[in-house]
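See structure below.
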Amino acid sequence: MADLMLGIETSCDDTGVAIVRPDGTVVSAAVASQVELHDRYGGVYPEMASRAHVDAILPTVRKVLDDAGLTPADLTAIGVTRGPGLIGSLVVGTNTALGLGDGWGLPVYGVNHLRGHLRSADLDERRVEYPAMVLLVSGGHTLLAHVEESGDVTLVGSTRDDSVGEAYDKVARMLGLGYPGGPAIDRLAKTGTADVPFPRPAKDLDLDFSFSGLKSSVSRFLAANPDHPPEDVAASFVAACLDVLLTKCRKALERHPSRCLVVVGGVAASPQLRAGAQELCESAGVTLCLPPLRWSTDNGAMIGLAAWDYVERGLDARPKPDTSLTIADW
Ligand code: KG4
Ligand code: ZN
């Protein structure tokens, strides 16, 4: 059996492993989540994350091979996240991949995590048509990028401070909702009314974002109005985030002709964002491309598919951890 990439993702708090074909077919996948561990601290504790990856990584690799009825001899290559992310977590992933590659006689490609998110929209089936506008919204990043078929990327906007996922997580903590905050905020917001006029941050930053001011507004509002229904605060916060994200997407699409809008990253799991993006795309006349829910948050499959791009382009990307990569880097 040929053309099987083992993808390994350990940039943050999930140990994701998958076996992926060049066309985006996922043969097998597993994610060992550290949610319970970090829930106790209300966020990701980097030192603990690294240790948890050490415990989880080999059993997770073994599981995806066993689930698929494959052995290491069936694999073509290994792709592993080399950055950006938490340095300790990246070191565990890259070192493990190098060891496995050496032992099994396989080449190892160091993959840019952001390129992984980008390619998540083509997992299971091919969806993206180029040129594409990409909105990447995760715990670590919030950015807009214009991507060509060649893989060339132009960054057209990014956050000046916090990411939107970080804002979701912090607001969830203020509301006592635990970690990760995104899904909890979404659930609560669905039952509330957006009755608090939180500011729309970064209105005057052109295509750049800013979420720290919004986070502070929510904190000040809660201190002054402790009895305001939490579901209404959550709904108002989500409305402010979506308004900013979608307004900037619309502007970006007007400025950079695109065949589709690709929304990826952990926050792309938000049903409210998915619905808002669908509406925007219908009125803008572009196709919306979304990864299946399970591939929105960090996983090994997106790294495996992105690794095939490195193979195809003959890129010699060493699996050396690099926390400073941008989406334009390979
Ligand atoms: O892409 P991801 O798994 O990790 C990073 O690369 O950062 O994104 C994690 C972020 C967290 O902030 C989490 O709260 C958010 O994605 N998230 C969501 C949802 N699921 C995860 N945000 C909104 N709605 C969701 N359903
Ligand atoms: Zn991510």
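These numbers come from the heavy atoms of this one structure, side chains and all, not from hydrogens, waters or symmetry mates. Ligands are counted one by one from 1 in listed order, and the atoms in each one are counted from 1 as well.
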NZ/NE/NH1/NH2 to OD/OE distance under 4.0 Å, Asp206 and Arg255: yes
Where's the contact between Val267 and ligand 1, heavy-atom distance under 4.0 Å: side chain, backbone, both or neither? both
Backbone or side-chain N/O/S of His141 under 2.8 Å of the Zn ion (ligand 2): no
Gly116, Gly16, Gly266: member with heavy atom nearest to atom 17 (N) of ligand 1: Gly266
Residue Asp186 vicinity, atoms of ligand 1 by number, heavy atom under 4.0 Å: 23 (C), 24 (N), 25 (C), 26 (N)
Name of the Asp298 atom (N/O/S only) found closest to the Zn ion (ligand 2): OD1
If you count heavy atoms of other groups shown closer than 6.0 angstrom to NZ of Lys251, is the number above 12? yes
Gly182 N/O to ligand 1 N/O under 3.5 Å: yes
Could you say whether the N/O atoms of Asp169 and ligand 1 ever approach to under 3.5 Å? yes
Under 4.0 Å from any heavy atom of Tyr168, which atoms of ligand 1 are there? 23 (C)
Would you find a donor on one side and an acceptor on the other, under 3.5 Å apart, between the side chain of His53 and the backbone of Ser11? no
Using a strict 4.0 Å threshold on nitrogen-to-oxygen distance, state whether Arg250 and Glu254 make a salt bridge. no
How long is the span from the CG atom in Leu143 to the NE2 atom in His117, to the nearest 0.5 Å? 10.0 Å
Between Asp208 and Arg160, does at least one N-O distance fall below 4.0 Å, as a salt bridge requires? yes
Minimum-distance protein heavy atom relative to atom 5 (C) of ligand 1: Asp298 OD2, 3.5 Å
Show the atoms of ligand 1 that are less than 4.0 angstrom away from any heavy atom in Thr297. 3 (O), 21 (C)
Determine, using heavy atoms of Cys12 and all atoms of ligand 1, whether some pair is separated by less than 4.0 Å. no
Within the 4.0 Å heavy-atom shell around Gly140, which atoms of ligand 1 are there? 7 (O)
Can a salt bridge be assigned to the pair Arg119 and Asp309 using a cut-off of 4.0 Å between side-chain N and carboxylate O? yes
Ion pair Asp162/Lys215, N-O distance below 4.0 Å: yes
Within the 4.0 Å heavy-atom shell around Gly165, which atoms of ligand 1 are there? 12 (O)
Got a salt bridge between Asp243 and Arg200, using NZ or NE/NH1/NH2 to carboxylate O under 4.0 Å? yes
Give the residue and atom name of whichever protein heavy atom lies nearest to atom 7 (O) of ligand 1, and the separation in Å to one decimal. Gly139 N, 2.8 Å
Does ligand 1 have an atom under 4.0 Å from some heavy atom of His117? yes
Do any of the N/O/S atoms of His113, backbone or side chain, fall under 2.8 Å from the Zn ion (ligand 2)? yes
Expected output: side-chain Arg127 to main-chain Val262 donor-acceptor under 3.5 Å: no
Within the side chain of Asn299, is there an N or O that forms a donor-acceptor pair under 3.5 Å with the backbone of Met302? yes
Show me which atoms of ligand 1 lie under 4.0 Å from any heavy atom of His113. 6 (O)
